[in-house]
Amino acid sequence: MRNQPKYNFFKNTSYALKGLIDLIKTETSFKIELIITIILLPVIIFIDVTLTNKALMFITLMGMILAETINSAIERVVDLVTLEHHDMAGRAKDVGSAIVFLSIFIFIITWAIVFIDSF
């Protein structure tokens, strides 16, 4: 049996917002990517491309934010387990960084293809 309280939408939403606020306060990379997202969201709205391309642009932009969130979670769990240098801890953090790198690569390639195709 899991030690988990009964599901409560409002309480769970407050946990999610607490996590986002903590990311904004403590993670420089998340702040940078959030600023990029805030700047580029209007571009998606106003650019003259198909709805499908807008969806791809939005998904890849948000994928970058999601990847950074996952990476931060991995880093925090690893740091909770051990602050000492351990090969497996370093490898776990490296994989988290790879998730972010790949999401940024996909974001750049997708946006480049949309812009090249549209203009």
Side-chain angles (χ1 to χ4, degrees):
M1 181 170 208
R2 290 173 55 187
N3 182 17
Q4 182 175 342
K6 196 171 188 176
Y7 179 81
N8 181 311
F9 176 79
F10 295 107
K11 195 172 270 191
N12 289 9
T13 301
S14 73
Y15 298 149
L17 293 174
K18 184 178 173 184
L20 282 173
I21 290 166
D22 186 59
L23 280 170
I24 292 167
K25 286 181 179 178
T26 62
E27 296 292 334
T28 303
S29 295
F30 186 83
K31 287 183 223 178
I32 292 167
E33 291 166 10
L34 185 61
I35 290 168
I36 291 168
T37 300
I38 290 168
I39 291 169
L40 292 180
L41 277 174
V43 172
I44 295 172
I45 294 167
F46 295 112
I47 191 170
D48 187 24
V49 295
T50 66
L51 187 57
T52 303
N53 282 345
K54 287 181 186 230
L56 287 171
M57 293 169 80
F58 178 76
I59 290 166
T60 58
L61 183 60
M62 296 311 293
M64 185 174 60
I65 292 287
L66 289 171
E68 189 61 53
T69 304
I70 292 166
N71 182 45
S72 295
I74 290 169
E75 287 181 351
R76 289 169 187 212
V77 169
V78 168
D79 289 344
L80 176 66
V81 173
T82 181
L83 290 175
E84 296 175 20
H85 177 73
H86 189 281
D87 184 55
M88 287 301 289
R91 289 170 62 190
K93 287 185 170 189
D94 291 347
V95 170
S97 294
I99 295 168
V100 175
F101 175 79
L102 291 171
S103 72
I104 292 170
F105 180 75
I106 292 167
F107 159 75
I108 291 170
I109 295 299
T110 302
W111 280 60
I113 290 169
V114 169
F115 278 109
I116 289 168
D117 187 48
S118 299
F119 301 106

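Residues take their numbers from the sequence shown, with the count starting at 1. All values below were derived from every heavy atom in this structure, side-chain atoms included, with hydrogens, water molecules and symmetry-related copies excluded.
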Treating Ile, Leu, Val, Met, Phe, Trp and Tyr as nodes and any side-chain heavy-atom pair under 4.5 angstrom as an edge, say whether Ile70 and Val81 lie in one connected cluster. no

Here the gap from Leu61 atom CG to Leu66 atom CG, rounded to the nearest 0.5 Å, amounts to 10.0 Å

Smallest heavy-atom separation, Glu27 atom then Glu75 atom, equals OE1-OE1, 4.5 Å

Closest non-hydrogen contact found for Asn53 with Ser118 is ND2-OG, 4.5 Å

* Path from Ile38 to Leu20 over hydrophobic side-chain contacts below 4.5 Å -> yes

Practice problem: Treating Ile, Leu, Val, Met, Phe, Trp and Tyr as nodes and any side-chain heavy-atom pair under 4.5 angstrom as an edge, say whether Ile59 and Ile108 lie in one connected cluster. | Solution: no

Heavy-atom closest pair (Val114 atom, Val49 atom, distance to 0.1 Å) is CG1-CG1, 3.9 Å

d(Ile99 CD1, Thr69 OG1) to nearest 0.5 Å is 11.0 Å

Apart from Ile113 itself, members of its ILVMFWY cluster (side-chain separation under 4.5 Å) are Phe105, Ile109

Let me check something: do Ile104 and Phe115 share a hydrophobic cluster, defined by ILVMFWY side-chain heavy atoms less than 4.5 Å apart, either directly or through other members? yes

So the salt bridge (charged side-chain N to carboxylate O under 4.0 Å, His left out) pairs with at least one residue in residues 39-68 (sequence neighbours excluded) are none

Can you confirm whether more than 12 heavy atoms, excluding those of Phe119, are under 6.0 Å from its CZ atom?
yes

Rounding to 0.5 Å, atoms CZ (Phe58) and OG1 (Thr110) come to a distance of 14.0 Å

Output for pair (Met62 CE, Leu40 CG), nearest 0.5 Å, gives 11.5 Å

Only pairs under 3.5 Å count here: list side-chain donor-acceptor contacts from residues 85-94, not counting sequence neighbours, and write none if there are none.
residue	atom	partner	partner atom	Å
His86	ND1	Met88	N	3.1
Lys93	NZ	Asp79	OD1	2.7

| message | Tell me whether Leu34 shares a hydrophobic cluster with Leu23, the cluster being built from Ile, Leu, Val, Met, Phe, Trp, Tyr side chains joined at under 4.5 Å. | response | yes

Applying salt bridge (charged side-chain N to carboxylate O under 4.0 Å, His left out) to Glu33 and not counting sequence neighbours gives none

Residues passing the ring pair (Phe, Tyr, Trp, His ring centres under 6.0 Å) test with Phe107, sequence neighbours excluded, are Trp111

Quiz prompt | Close side-chain approach of Phe30 and Asp22, heavy atoms under 4.5 Å | solution = no

For Gly63 and Ser103, the nearest pair of non-hydrogen atoms, with its separation, is O-CB, 3.9 Å

One should read off an interatomic distance between Met64 CE and Leu102 CG, to the nearest 0.5 angstrom, of 13.5 Å

Checklist entry - Taking everything shown except Phe101 itself, do over 12 heavy atoms lie less than 6.0 Å from its CZ? => result no

Thr26 meets the side chain to side chain donor-acceptor pair (under 3.5 Å) criterion, sequence neighbours left out, with Arg76

